[in-house]
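Here's the structure, in C-alpha cells; my notes come after.
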Amino acid sequence: MNDIASPSAEPASPEPADSAETLLDLRGIDKTFKRGSEEIQVLQKLDLQVPRGEFLALMGPSGSGKSTLLNLIGGLDRPSHGEIHVDNHRIDRLSDRKLATWRARNVGFVFQFYNLMPVLTAARNVELPLLLTRMNGARRRKHVATALDVVGLSHRVKHYPRQLSGGEQQRVGIARAIVTDPQLLLCDEPTGDLDRKSGDEILDLLQALNQHHGKTIIMVTHDPHAAERASRTLHLDKGRLNRED
Amino acid sequence: MRFLFLIASNLKRKKLRTLLTILSILVAFLLFGYLSAIRVALSSGVDVADADRLVIRHKVSIIQLLPESYGRDIARMEGVAQLTHATWFGGIYQEPKNFFPQMPVHPDDYLAVYPEVLLPDDQLQAWKNTKTGAIVGRTTADRFGFEIGDRVPILSPIWPQKDGNQTWEFDIVGIYDGAEQGTDTSPLFFRYDYFDETHMGDRGQVGWYVLRVTDADLATQVAEAIDANFANSFAETKSEPEGAFVQAFAKQIGNIAAIMIAILSMVFFTILLVAGNTMAQSVHERTRELAVLKSIGFTDRGTLFLVLGESTIISAIGGLMGLGLAWLMISAGDPTKGAFPVFYFPEKDIVLGLLLVGALGLAAGIFPALQAKQLRIADALRR
C-alpha cells in the first residue's frame, strides 16, 4: 500500500524491453475443457512473457480463450499442460489453499460487471481482501481510505453499490483490487459495461496505476480504443497468440 | 470476528426471508421449552423419586385399599428403614377445577420418609397437637391464598363422614416448601387418625405404603420379600421403586416422553428443512459473489465457514430467543393455574436446547456450505 499511497515506483516503459525483468512466464500452456464426451481445446501450446511493469492488452474474438488465459494467469484455473511462473514462482502446481493465499497477496482482479457485494458499502467492499491479512481494524480502514482516495472516491465511502454509477462502481472494484498492493492487476473487460466517458476515466486510472504505481496490468478487451492505452497488445485466436502490435 | 460484518450483511440481504426463518426457529424452540416443562409436569415426581424408596400398593389396582395392619409386618422386615402410608382423598375445594391432591398421613412417619418436604418444627408441633390440622404446600397456599389459621372446607365424594356429610373442614397449621425444584408442593396433608375415625365405612385401611430401605441395592430384594409375604392373602401387594410407581401413574395418560420426542422430532425436522432451504437459496443466489470472494483469496475452507457461520447465527438468534421466551413464560408459572403443580424448565433441557441450537445451525448450513466450498471460481464467474 505504501506504493499506492506515495507513488515512488518508476513509470513503466511503454514497450517491453528485453532487459526488463520478467514477471509472468507462461510455457507451453494447453487448456482443454470437457463438454460431455467432447474435448474442447481452448488454449494450445501458448507461450507468453510479460515484463514487470507492463500494461498488456489481450484482444480476440469471443471464445478465443482470452478470459481462460486471464483465469490461468490469476490462479483461478489450472492449465491442462504447461507451466505458469509468476515472479519466479511456479503457481500451477500450488495446492488450492496455497493458490488462494498467493492470489490474496499477488493479484488484483477487476471484472467487467464490477462484482461488488450489494449489501456492503464501498469501504466494506474494498476492505474484503484485507480481512485475509493480519491487519487490525484501524490499519484496514487506513488502507481502504488510501485505496478509495487513489481511485477518486473518498467522498463515496459509505455509499452502497446501488447508489453509485457504473463508472464509480468500477472504481470501487479497482480500489478493491489494489488495496493489498498486488504487483499484478488482471482486468477482464473493465470498460465493457461502461459508456465511453466513464470507460475513458477507468482507462486513465489503469494507466496511472501502471505508470505511476508500477502495477503490471493485463487487460482483456474487445475494444481497440481501450487497447490503445496498453503498452503492448496481443491477439488471441483459436487458442493461439498470433499477432503482436 | 472480523468476518462478522460480512455474515451480518448477508443476513440483511433478504430481510423478510431471514426474519421468517428466525421466527420459525424461535417458535420451534419456544415449543421445545414449553413441552419440556409440560413433560416435567406430567411426569412430576419421576425425576425426584428416590432410588431407596419403595411403594407398595394393592396388586390389582392403586384404587384398591390395603389393610393398615400390613404396616406392622412390613416395618419388621429386613432392609426396611422407615415406613409411612398415604391414601387418596380426592376432595374438591369450592369447585372441581380447583384441583389439588389431599392425603391423610402420619405426620412424623411421612416427613421421615419424605425429607424433601420442609416444614418448620413449630408448625409440625402444631400439626401434631391439632387433630383437624393440615399442612399445605407453598404452590397451593399461594394459589388460593391459604394462611396458617385458615379453616378450609373440602368436599370428598369418595370419603363421606360417618353422618353422611361430604364436607370436611381442616385447620391450616403449616405451610411447607420443597427442598428441590421438582418437589411437588401442591398436596395438602392431614392427619390419618382424624381421617380413620371420621370417614364412613371400614376402619384401618390405607391407599399405599411408602418405605425407605436401609440400602438402595437391597430395594429389589425387599420388594420381592414384601410381595412374597402377602402372596395368596386377600390383599396381595405389588412393590416397586417409587420412580416406576410415579411413571406408571403418569403413563395412565400415555407415554409422555415418547409423545414429546415424536412431536419435537417432527418440529425440528420441519425447521431443519426451512432453515436448510433458506441457506441453500441464499448460497445459490450468491454463487458469483462467493466466486469473487474466492478469487480475492478466500480459501475453500474459509468459504465453508462463512456459510456455516451464517446458518449458525440464524439458528442462534432464533433458538436463543425461543429458549429465552420459553424460560420467561415458564417462569411465570403453571399456565393451567393448578393442573401442573410442578412446572419448570429443567436445566438439562436448557443445555439440550442450546446443543440443538448449534446442531440445527450446522445441519441447516452444511450442504450449502459444502456447495460453496466446492464452487469452481472460473465456472461460477462465467455464469
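Below, read A as the first sequence line, B as the second, and so on, with proteins coming before strands; counting in each chain starts at 1.
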Is it the side chain or the backbone of A:L128 that comes within 4.5 Å of chain B heavy atoms, both, or neither?
both

As an exercise: rank A:D77, A:N71, A:N115 by heavy-atom pairs under 4.5 Å with chain B and give me the winner.
A:N115

In terms of heavy-atom proximity below 4.5 Å to chain B, should A:F33 be classed as side chain, backbone, both, or neither?
side chain

Between A:K31 and A:R78 (side chain of the first, backbone of the second, donor and acceptor by atom type, cut-off under 3.5 Å), is there such a pair?
yes

B:E289 and B:R13 ion-paired at < 4.0 Å
yes

Contact origin within B:R301 toward chain A - heavy atom pairs under 4.5 Å:
side chain

Using non-hydrogen atoms and a 4.5 Å limit, figure out which bit of A:R105 sits close to chain B: side chain, backbone, both or neither.
neither

Working to the nearest 0.5 Å, report the span between CD1 of B:I25 and CG of B:L323.
11.5 Å

Does CZ in B:F5 sit with more than 12 non-hydrogen atoms of other residues, nucleotides or ligands closer than 6.0 Å?
yes

Walk me through it: do A:E168 and A:R171 pass the test salt bridge (charged side-chain N to carboxylate O under 4.0 Å, His left out)?
CA-CA 5 Å; A:E168 286 174 324; A:R171 284 168 182 272; over 6 Å; no

As an exercise, state the distance from CG of A:L116 to CG of A:L164, rounded to the nearest 0.5 Å.
8.0 Å

Looking only at heavy atoms and a cut-off of under 4.5 Å, which of A:R176, A:R97, A:M117 has the most pairs with chain B?
A:M117

Using non-hydrogen atoms only, which part of A:D96 is less than 4.5 Å away from chain B: side chain, backbone, both, or neither?
side chain

Looking at chain A, which one of B:L293, B:D379, B:L381, B:V292 has the largest number of heavy-atom pairs inside 4.5 Å, strictly under?
B:V292

